[in-house]
Amino acid sequence: MDKYAKELDEARKRTDDLFKDLLITYRQPNYTVDSLIKDMEKTVKENGTRLIILDHLDYIEKDNKREDDISHMTELMKTIRSLQDEFKVAVVAFSHLRKNPPMFKKSLIPTIDEFTGTANKIREATSVIMIAPDDEENDKRQSNEKVTIFAIQKSRWIGYANNYGMLFYNTKTGDYEQKYEEFYLYKGDKVKVWQN
């Protein structure tokens, strides 16, 4: 038993060291745009934070309950961009996609039209990256390797693109492998571009 206690203690120390600069704020009731502004200002000024991850945008409530959803999301996205510019901090914000009924055939890569709520999320974002499992490919695989698709659907630097990357998650190690494959869609078919 002592052997496992020692290993557990070492693992705990390594984890603490690895995540010592990680600050997690959990969702609270009535967490509004004003709450987000205060938290972002506080963590940047007090902790020197350089990366903020919002999981997810739709949890942030309206400051004014009478405000419509489109105005709220526009204000939220503009606020995030403004704070990002002011504090020179990167912000990654997650958002849910609509769940289509099973009778609809899903495209290989989810599209920006599938975001829940208003299209202002896309309009105001600097980049939009879609992350999804490749269900069709994963159903065929018998190995511990599962495929995740990463597609840049919008970027202020490169515009809209139909390229995507396949990354390989190893269920045995619990981590992504270093290799990847790059494809682009041509008339609905995938064409391989690069393999690492």
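We're numbering straight along the sequence, starting at 1.
- Remark: Asn138 engages no residue in a side chain to side chain donor-acceptor pair (under 3.5 Å) (not counting sequence neighbours).
- In this structure, the salt bridge (Lys or Arg N to Asp or Glu O under 4.0 Å) partners of Lys13, at least two apart in sequence or on a different chain, are Asp9.
- When all heavy atoms of Leu83 and Val89 are compared, the closest pair comes out as O-CG1, 4.2 Å.
- By the side chain to side chain donor-acceptor pair (under 3.5 Å) test, Tyr176 is found to be paired with Thr148, residues two or more places apart in sequence or in another chain being considered.
- In this structure, CG in Leu54 is found 7.0 Å from CD1 in Ile52, a value given to the nearest 0.5 Å.
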For residues 59-67, which side-chain N or O atoms pair as donor and acceptor with protein atoms under 3.5 Å away, sequence neighbours left out?
from, atom 1, to, atom 2, distance (Å)
Glu61, OE1, Lys65, NZ, 3.4
Lys62, NZ, Glu67, O, 2.8
Lys62, NZ, Asp69, OD1, 2.9
Asp63, OD1, Thr32, OG1, 2.7
Asp63, OD1, Asp34, N, 3.3
Asp63, OD2, Asp34, N, 3.4
Asn64, OD1, Arg66, N, 2.9

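- With sequence neighbours excluded, the residues that form a side-chain contact (heavy atoms from CB on, under 4.5 Å) with Glu46 are Lys42.
- Evaluation of the side chain to side chain donor-acceptor pair (under 3.5 Å) rule for Ser127 yields no partner, not counting sequence neighbours.
- Judged as a side-chain contact (heavy atoms from CB on, under 4.5 Å), and not counting sequence neighbours, Gln142 has no contacts.
- Listed by first and then second residue, the side chain to side chain donor-acceptor pair (under 3.5 Å) pairs that reach into residues 77-93 come to none, sequence neighbours excluded.
- Between Val147 and Tyr169 the shortest side-chain heavy-atom distance does not fall below 4.5 Å.
- Atom CD of Glu181 is separated from atom CZ of Phe168 by 4.0 Å, given to the nearest 0.5 angstrom.
- Taking NZ of Lys140 as the reference point, atom CG of Asp135 lies at 12.0 Å (rounded to 0.5 Å).
- For the pair Ser143 (side chain) and Glu145 (backbone), a donor-acceptor distance under 3.5 Å is present.
- Applying the side-chain contact (heavy atoms from CB on, under 4.5 Å) criterion to Lys172, with sequence neighbours excluded, gives Asn144, Asn170.
- A search for salt bridge (Lys or Arg N to Asp or Glu O under 4.0 Å) contacts involving Glu41 returns nothing, not counting sequence neighbours.
- Take Asp39 and apply the side-chain contact (heavy atoms from CB on, under 4.5 Å) test, not counting sequence neighbours, and it matches Thr25, Tyr31.
- Nearest heavy atoms, Ser95 versus Asp58: OG-OD2, 3.3 Å.
- Closest approach of Lys154 to Arg123, counting heavy atoms only: NZ-O, 3.2 Å.
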